[in-house]
Amino acid sequence: MTQQEDTLGGAATRPPADNGAFLQVRELRVHFPTDDGVVRSVDDLSFSVARGKTLGIVGESGSGKSVTSLSIMGLHKKGTAKITGEILLDGQNLVGMAPDRVRQLRGKRMAMIFQDPLSAMHPFYTVGSQIIEAYRIHNKVTKAVARKHAIDLLDRVGIPNPKSRVDDYPHQFSGGMRQRAMIAMALSCDPDLLIADEPTTALDVTVQAQILDLIRDLQAEFNSAVVIITHDLGVVAELADDIMVMYAGRAVEYSSAADIFNSPQHPYTWGLLGSMPRLDRERTERLQPIKGTPPSLINVPEGCPFNPRCAYAGTNGDLSFTVRPEFRDVGGGHHIACHLEAQDRQRIWETEIRPKL
Amino acid sequence: MSTKTETAAADRRLGEDLLVATDLQKHFPIRRGLLQRQVGAVQAVDGLTFSVKRGETLSLVGESGCGKTTTGRLLTRLIEPTGGKITLDGRDITHLSAGAMRPLRRDIQMIFQDPYGSLNPRHTVGAIIGAPFRLQKVKTEHGVKRAVQELLELVGLSPEHYNRYPHEFSGGQRQRIGIARTLALRPKVIVADEPVSALDVSIQAQVVNLMEDLQNEFDLTYVIIAHDLSVVRHVSDRVAVMYLGKIMELADRTSLYERPMHPYTVALLSAVPIPDTARRDNRERIRLSGDVPSPINPPSGCRFHTRCWKAQEVCKTTEPPLAELAPGHQAACHFPENTTKLTIDPTGSAA
Amino acid sequence: GGGTSSSGGSTGGNGGTNTPAFNAAMTTIFNPSDKKGGTVRVANAGTWDSLDPGETYYGYSWNFARTYARTLVMFKPAPGDGSSELVPDLAESLGEASDGGKTWTYKIRKGVKFEDGSVVTSKDVKYAVLRSTDKETFPNGPAYFEGYLNLPEGYKGPYKSKGVDTNSAIETPDDQTIVFHLKQPFGGFDYFAMMPQTAPVPEAKDTGAKYKEHVIATGPYKFDKNEIDKGFTLVRNDQWDAATDPNRKALPDGYQVTMNVNADDIDNRVISGDLDLDITGTGVQPASLSRVLGDPALKAGADNPSSARLWYTSISPTVAPFDNKACREAVQYAVDRTGYQTAYGGTFSGGDIATNLLPPQIPGASKFDLYPAGADNKGDVEKAKAKLQECGQPNGFETNIAYRAERPKEKAAAEALQQSLGRVGIKLTLKAFPQGDYFSQFAGNPPYVVANKLGLALNGWQADWSDGFGFLSQIVDSRVIRETGGSSNVSVRVPDVDKMLDEAIGETDKSKRESDWGAIDKRVMEEAVILPGVHAKALLVRPKKLTNVFVSAAYGQYDYLSFGVA
Amino acid sequence: MTAPPDVSGTAAEADPEASLKGVGKKAIQGRSLGQIAWLRLKRDKVAIGGAIVIVLLILVAIAALLLDRVFDVVHPNEFHQDLIDTENGTLAPLGTFGGISGDHPLGIEPVNGRDILARIFAGSWISLLIASLATVLSVVIGTTMGIIAGYFGGWVDTLISRLMDVFLAFPLLVFAMALVGVLPDTAFGLSPEMVRISLLIFIIGFFNWPYIGRIVRGQTLSLREREFVDAARSLGARGPYILFRELLPNLVAPILVYATLLIPTNILFESALSFLGVGINAPTATWGGMLSDASRFYTMPHFMLWPGLAIFVTVLAFNLFGDGLRDALDPRAR
Amino acid sequence: MITYIIRRLFAAIVLLFVVSAVTFAIFFLMPKLVGASPETLATRYVGRAATADTVRETAERLGFYDPIYVQYWDWAKGIFVGADYSYGTGVEHCPAPCLGYSFRNNQPVFPDLMDRLPVTMSLAVGAAVLWLLGGVAVGTLSALRKGTIFDRAAMSISLAGVSLPIFFTGLLSLSIFSYGLGWTAVGGSYVPFLDNPGEWAYNLLLPWITLALLFSAQYARLTRAGMLETMNEDFIRTARAKGLTERTVVVRHGLRGALTPILTIFGLDVGLLLGGAILTESAFSLQGLGKYAIDGITNYDLPKVMGVTILAAFFVVLANLVVDLLYAVVDPRVRAK
Ligand SMILES: Nc1ncnc2c1ncn2[C@@H]1O[C@H](COP(=O)(O)OP(=O)(O)OP(=O)(O)O)[C@@H](O)[C@H]1O
Ligand SMILES: Nc1ncnc2c1ncn2[C@@H]1O[C@H](COP(=O)(O)OP(=O)(O)OP(=O)(O)O)[C@@H](O)[C@H]1O
Ligand SMILES: [Mg+2]
Ligand SMILES: [Mg+2]
Ligand code: NI
C-alpha cells in the first residue's frame, strides 16, 4: 500500500519501486556458477521497502528468498555469487561497494535475524557478549556501557531477569528466548532496516505469536523498514503491509497484503493458498497440492517458470512455454507475472479457486 | 462413542483398541557423581493413558519438548518405558526384549521427523527401502528389487530412483522414501513423528494426501505426532494435546477444535496465525507468557499453572485428573472451558 | 715433575711439538706446557659402568680414574710405548715377588692422604681389594683378585663375610706394608696392582654400592658435584701432595664431565673446540670420519692410535658343517679382508687387517698369515672353493651370522661377510641380537648357538692390559665356556690350547712366556675357529685447547692424566 | 606420536539442496556410489595425480619384488667398495653428489658402496607393505573398537576408552624391543624375513589403533543420534547390522583422512625401529632402514635425500588421493 | 565436577596398574619364551666376570626366583609404602612413592625421574606451543584460501615435515644451525627455566622447531578441515551480519569453533610427549625422560623402564583428563551435562 502511489505514474511495466523508499532493489540477479551450471537463484527481482513498513516475502523452499536477503546484507561468500543490479540502501548502492564499507553498514544500518537461533549464535560465547560485541563494533563505548545496553535490550525483548540471563550461553536459553536474544542482537544498533529470514519457523505457535508481536512492537518503536521472509502465509498475514510471492528466483506476484489474500492473481499463489490446511475454514476432505516439484534453478523452464506445474499453462496457446511473462502492474500496484488474461484470472479465481479454499 | 463423521472410511474395522498405552512413563535419568548416582530425571513422558483404535488416526500435539517424540519412540519400543504398559493388538509389549520385539516390528512402524536425518546418506534408495525385506527376511515374489520398485511407485516416486542417493531428492521425496520403507512390512500401525513439519506447504499437502490414500488402501492405523494444528485437524480422527509429558486434553477432532476445554488448547488454537489479513486486527488472541518449564523439575499440581491465566491456588497443589467431561472428550483441568456450551470461538471462525 | 721424561721419538726441547700434524701426539707430547688452571671439558656418549674404582672395567675409566684415585702401581704417563711401562704410584716400588711368584709385597708411600685428610694405610688398600671381590655388590669390575688370591673358601667380601680372617689372602703387617698371597704363582701381578681396585677405600667411609656417588679421592682431584649418569665435576683435592706423587702434574683446576651426550654431537663439539674430549676414546663417528679425513686441516688435528683390541668372527665348530675344519678354512680363505676392514671403518677408524689373534703391541705377538688372501686382500676364492670341495660342500652351504643389533659396524661387517662368502656359495643369513643379551642368551649361549645354527658370530676382545694373558685367557680357553651362556669364548674348544695356556701362565721366564702366547695364537688359527678381522685403531680428534696431549699406548687413547688447559 | 584428527567428512559444501536441484532433473538413470565417486574423482586432477603415483608405486613395488627376488636382476645388496674412498679413509663415495654415475644414477652408500637406486627400488615393496598393512590393521581394529564404544556407550564405552588409554600409555618401544629380541625366526611356515615383516606390521598396526579408535568413537557418538539409526532399529536390525552397514559407511571420510596421515607415521616408525636395531633384518633394504642408516652419515645428505624423497612422494600421493577420495565418496559434497 | 575428577583419577589408577603389570609381564615373560631362566636374566646384571654363584645371588637379590606376581607385588608395594635397599654397608629406605632401584647403578628411580621431568616438559611444552601456533596458522590460512597455490603448497610442504625422521632432521639442523652458522645452541645444552629463562629458550629453540616440524603438518591439516567446516556454520554468517571485521570473524568466531577438536588431539600428543620424546632427546642429547627410557630399555633396567612407563601413562591419563575438563571450559555446552 505504500509504494502504490509512487509507482502509479511511473513505468507501468516496471516492478514496484519507490524512489524515496529506504531499501530499493532493482533488477537484482544473483547467479552461482557451479560444476553443473549456473544456478540462477535470483533473477531480475525488484522491490522496495520504506521506513516503518513491512514487506513479506513468501515462496517455497529454494525460491531464492534467503539468497535475496543475503545479497542485501552482502553476506554471500566471496567469489561464489555473481550479483548484478542495484541494491540501494538509503540511496547508496550496495552492489559493487567496497566490502569494508558494506561491513560498516551491517549491523548498524541494516540487521538480520536468522531462522535457527541456536546455530546462528556462537555456542561458546555468552548471549550477552555476543550482543555486546555487536554493539561495540559500531559504538565506541566501554564494555560496561555496552553491557548495560545489552541488558536493556534483553529486557526490551522480554527476557525475564535479564541481569543474570545476560551471562547465559545460548544453549541455556529456550528456543523462544534465543530468538528474542537474536532480535536483541539485531536491534543493538537501532538499524534502519531489519531483515528477518524465517524468524519463527523453528518455534512453536505460542512462542511464534510472542515473537511476531515483538517484531511488530519494535518496528513501531524504531520506525525501521522490515523485510520478513517465510513460507508460512499465516505469518505474513499477521505482519506484512505488502507481500511478494517468489517462485524460482523471480517475483510472481507483488501486492498489498490484503490483495494477496483477497484477490490473488497468480496461479502459484492460488496453489499456495490451496495447499495449506486452514483453521479458519471448514475442514476439507482433501488438500489440493500444487502438483510436481520446484524446478531446477539451473534449467529454469522456458517461458513461464511455473508452466510445468500450472493447470492453466495451455490456455494461451504455447505462450506459457515459450515467452517469459513480464512482471507487470495489473492495477492498483498489484503486480504479477502471468500470461493469463485479466478476465480469465478473475474468472478462475472467483469460480474455481475461491470456493475450494 | 466414536464421533467419526465425514471421513470416508466407512468400511474400516473400527472400534477395537489396537494400541493401548496405560500410564506410560519415560524418565531419562540424570546421573552424577562417583558412582553415577541418579540425581534426577527428565520426566519426558509422565503417565500417558490413551488407546488407538484400529483404522483411526490419533494425533499428538503440543509444544516442542513436551514429549511427543519420546512417546512415539516408546510406542515403537525404540526405548524402554520407565513405567506403565503398552499393548499392541492385545499383546503386552512393554518390556519385550529386542529379540522378542523383532518379529512384532512388522506390525508397528515409524516415520521419522527429519526426512534428511532418517535416511542413511550413504545408502541408495534401493538399499534403504529394501532393508526391511532383508532384515525381516520377507519373501518377495519377484525379488527384493521388484518389491522396492513397486513401493516406489506406490508412494509416487519413479522406480528409476532405485539406485540414487537420498541427497538427490527433495524433502518431500525423501519423506516419501521414508514412508515407502515403513510400508514395506505392511504394518498395522504407523507412528509418524512430525511427518510433514520439515516440508513446504505445497509438498506437505502431497504427503498428507498420500498418507490418507495409503490409510484407505492398507487399512492403516496412524499415530501422528505434529505441532501444526491446522495439519492435525486435517488428518486426525482424535487429538491428544500434550504439555510437559502429560496429556492435557484428548478428544475427537471436531469436539476439540470447536469446543476446546483446556486453557492450554485454547491458547494454542488462538496462537495459530491465520492467512487472512482481514482478521488481523480484530482477532481475539490469548498470549501465553513465559516459556515451557523444564521437564526436569515440572511445576507442582497442574503443570500448566505457571502460564495459565485461569490458575488459582488449587492448580498449584492438586493435579487435575484426565476426566471425561463430555462424551469422548477428556481434559485435565480444574477450570475447564466450554464444558456446557461453546462460549468463545477461539479461531474466530464463523463455522 | 719426576716421571714425565719422554721416551724415544720425542722432538723439541721440552720433549714435545707444537706443529699440528696427523699423528703428532702419537709418540711425542703435543703442545707441552706447565701452565696450571682451567677446566677440562669432557663428554661421554654413554655412561660409566661405575665411578667406583672397585668396580669399573672400562679402559677409559681406568685411564681417567687416575685423576682421583691412586693405585699401587700405574702405567707411566708418557707418550707412545713408554706408557706400557708400569711405575709405582701409591706403592714405593713395584711389587716384590717371593714364594716363586705366589706372594707379592708392596710398601705404601708415606704421607699420602685421603681428601678428608686421613692418612692412607695398607689396611685401606686391603679393604678396597677385599670389597671389590663382592661381585654381587660390585658386579662390573674385573674378577682377577677373587680368582687368584688365596681367599678363604666361600668368602663373599667384607659386607657378607664380616669378621672372616682374610690374612691367608692379604696381610697388612703394618700401615705401610701389604702382602698378597696367591693360590698359584703369577708373574704379572703388578698388572693386578695397577687396576683401580687397589685404590684405597677408607672402611669408615665405605657406602657399598653407593660409594660411587662419592668416591673418597686420593689423587689430585676429588668429586664435587656428582649426578649419576648425568655428569660430575672434579675439583682440586687440597689434601693431595705433589711431593708424594712423582707421576702427576695436576695442571688443570678441574674436570667437567657430561654423560649421555649424542655421539655425533660430541664429535662436532670437539672439532669446533666447544668440548675438549670424547672420553670413551673409541674414535669419531662415521659422519665425522669423512669430515676429518677429508679436510687436511682437520686431519692434522687428529691422531690414529691402535689399541690392543681384535674385532673378529667366531666360527662355531659345534654348528654343522663347521664341525669340519675344511669348511672353516673355506671361510678363512673366502673372506674379503678389506671389506671387513672397511665395514669397521677402514684403516683409520676400523683398524689394520688382522691375520692372527694377538695385537702387535702385545709382547710375543708376531704377525703371521695362515690363509693368504691374495695381494689385494680380497680373499682367495679358488682356495676357498677347494676347501669346500674338501669338506664335502662343493656348492657351498647356508648358515647364520650373529651380530649385535645396536652396533652398526658389526652390522656392516656381517653384510660384508655375507657378500664375500656369497662368492663361494656360502649363504649367510644375518641375525641381530640385543647386545645386552648377546652373550648370555644368544651368541654366547652354546645350546642356543647349536639350536639356531649360529655358525658365525661377530665378536671383539680387548686385553685388560697389553699382555698375552690379559688378551688370550678369556677367549681361547675352552674351560671358560659356560653351557648356560654368558662366556666370551664362543668357539675355541681345543684341548691343546687349554694345556698350552696352563703352561704359559705358570711359566716364570718372561721371554719364554711371551713366545708361548705366540704359539697359542698360531695353534688357534690352525683350527680356523676364529676369523680375525681387524686390530682396532681409533681416529681421535686432538683436543684443541689442551696442552700436554699425547697418546698412551697402554690405553690406546690420550693420556687423561697429563692434560693442561692452554 | 601422532594424533587423531576429529575430521568430519563434510567440509565446505553448498546447501545440499543445491545439488538436489542441479542433478535431480538431469541425471535420471541411477548411478552407483562407485560410479559417482569415479565421476568426481576423474574431475579432481590433483587426486588423480596422487592415484597415478600410488599405482606407479605399487607397480614399482611389485616389479621390485619380482625383479629382485624372482629374477635377481636388481642387486640391492651388492657392494661396490672400489667406488668408496678407502684411500683417505673417509669411506665416502668417490665422485660428486654421492657418487652419481651412469651405473649408479642416485649414487651409492658410503662404506659399502651399495647402489642407492637399487636399494630404494628393492625396498619399496617392504616399506609400502608394512606401512599399508599396518595402517589397515590399525584402521580395522580402531574402527571396530571405536564404533562399538561409540554406539553402545555405557560401560562398554568406558571399558574400550580406558583400553585405548592403556594402549596409548603403553611403552611401545619396550614391547617392540622385547618382542623382536625373543621371537623365533620361523613361525607358521614363513621365512624369517616374512616373520619379521609380519611382526613389524603387527606391532606398528596393533599399537596405533587407539588414535583412530578415538576419532571413530567421537563420530559414532554423534552419528548414533541420527534418526536413520533409529529407523534401522525400528525395522528390527541387530547391533552388527547397525554398526557395520549403517554407521560404518558414514565413517569412511574421517577414517580415510586419518589413514592417509597414518601411512607416513608408520613408515617412519619402521625407520625408528631400524634406528634402534629392531627393524627388518639386514641387509634387506627398506626406506625406513635406509633413513636410519643414513642418519649416521648425515654429513652426506645425498644418502638420506633419496629415501626421504621416496617417502615424501608416497606420503604426498596418499594424502592427495585420500583427500580426493574422501570428497568423492561423500554423496553430499560438491 | 570434583567427583567427576575423582572418578577419573580412580580409573587412572586402575589404568596405571594395568599398564605397569603388562610391562612387567612382557619384561619377564618374553625372555621365558626363548627359555631364559632366572639365572640368564640375572646374567644381564652381573658384569663381565661373574661366577655362577654371583649370578645366583643376584637372581636371588633381584627376586627372579619368585613367581612373577610376587615380583610385581614387591615392586608395586614400593609405590605405597616405600622400599628398602641394601647397598652393602647399610640399608637405605626409599620413601613412597618408590619406583624401585635401578638394576644397573642402584639409583632410586623416582628422584631420577623427577630430575629429568623438567627437561622433557620444557621440550614438549615449547614444541607443542610452536606446532600449535604454526599448524593452526598455516591451516587457517589454507582453509581461507582453499584451492589456491598457497593452500596446496602449505599442505605439501607440511607433509615433508612428516616424511623425515627426527633423528635425522635433528642432527642435520644441529650441524647446520649450531655448528655451521652458530645461530642456535649446541646439543646437550639445557638450562633450567628458573635459572635463566632466556638461555632456557635459546638452548631449546632448535629441538622445539625440529619436533614442531614433525607435528605441525597434522595440525595444519586438522585446522584446515575444521576451519572449512566452521566457516560454513550459521554463526559465522551471524558474526558477519553484525558487521565484524573479517579478522575478528575468522579468529574470534571461526578459530574458536574449530579449535575444540584440535584441543583433544593436542592434549593427547602433549601427554604422550611428556612420557618422553625419545628420538628428539637422543638427537639433541637432552637428559630427559625419553633418554632415560632408552637407557632403561637397552640396559634391561626394569625399574627404570617401569618408572618411565608409569610416568608416561600418568601423563597420558592426565592429558586425557585435562582435555576433557578443558572441553568443558572451552565448550559451555559440555559443561551443562
Ligand atoms: N552458494 C550457493 N551456491 C549455489 N547455489 C546456491 C547457493 N546458495 C543458494 N543456492 C541456491 O539458490 C537457490 C535459492 O536458495 P535460497 O536459500 O534463497 O532459498 P529459500 O527461498 O531461502 O529457501 P528456504 O525456504 O528453504 O530457506 C536454491 O536452489 C539454492 O540451492
Ligand atoms: N535421550 C534423552 N535423554 C535425556 N533427555 C531426553 C532424551 N530424549 C528426550 N529428552 C528430553 O525429553 C523431553 C521431551 O523430548 P521429546 O523429544 O519427546 O519432545 P518433543 O515433544 O518431540 O519435542 P519436539 O517438538 O522439539 O520434537 C525434552 O525435554 C528432551 O530434552
Ligand atoms: Mg531460506
Ligand atoms: Mg520431536
Ligand atoms: Ni503501500
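Basis for what follows: all heavy atoms, side chains included, without hydrogens, waters or symmetry-related copies. Naming convention: chains lettered A, B, ... in sequence-line order (proteins, then strands); numbering from 1 in each chain.
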Evaluation steps, side-chain contact (heavy atoms from CB on, under 4.5 Å), between E:D234 and A:Q115: CA-CA 10 Å; E:D234 284 355; A:Q115 172 175 356; over 6 Å; no

Working for salt bridge (charged side-chain N to carboxylate O under 4.0 Å, His left out), residues A:R103 and E:E246: CA-CA 9 Å; A:R103 178 186 68 73; E:E246 196 56 27; over 6 Å; no

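When heavy atoms are compared at a cutoff of 4.5 Å, A:I113 does not approach chain E at all. Heavy atoms closer than 4.5 Å to chain E are found in the backbone of A:M121, but not in its side chain.
No donor-acceptor pair closer than 3.5 Å links the side chain of E:K242 to the backbone N or O of A:Y135.
Among E:M231, E:E233, E:R240, E:R237, the residue making the largest number of heavy-atom pairs under 4.5 Å with chain A is E:R237. Interface remark: of the candidates A:P191, A:A120, A:C189, A:A120 forms the most heavy-atom pairs closer than 4.5 Å to chain E. When the candidates A:H138, A:M110, A:M112 are compared by the number of heavy-atom contacts under 4.5 Å with chain E, A:H138 comes out ahead.
Applying a 4.5 Å heavy-atom cutoff, none of the residues of residues 139-153 of chain A approach chain E.
A:Q130 contributes atom CD, which lies 8.5 Å from atom CZ of E:R252 (distance to the nearest 0.5 angstrom). Separating the OG1 atom in E:T245 from the CD1 atom in A:I137 is a distance of 8.0 Å, to the nearest 0.5 Å.
Taking the six-membered ring where the residue is Trp, E:F235 and A:H122 present tilted rings, their angle falling between 30° and 60°.
Cation-pi geometry between E:R256 and A:Y125 is met: under 6.0 angstrom from the ring centre, within 45 degrees of the axis.
Across all non-hydrogen atoms, the minimal contact from E:G257 to A:F124 is CA-CE1, 3.8 Å.
Shown here is A:F222, whose CZ atom has more than 12 heavy atoms of other residues, nucleotides or ligands within 6.0 Å.
In this structure the side chain of A:M185 reaches within 4.5 angstrom of the side chain of E:T238, judged on heavy atoms.
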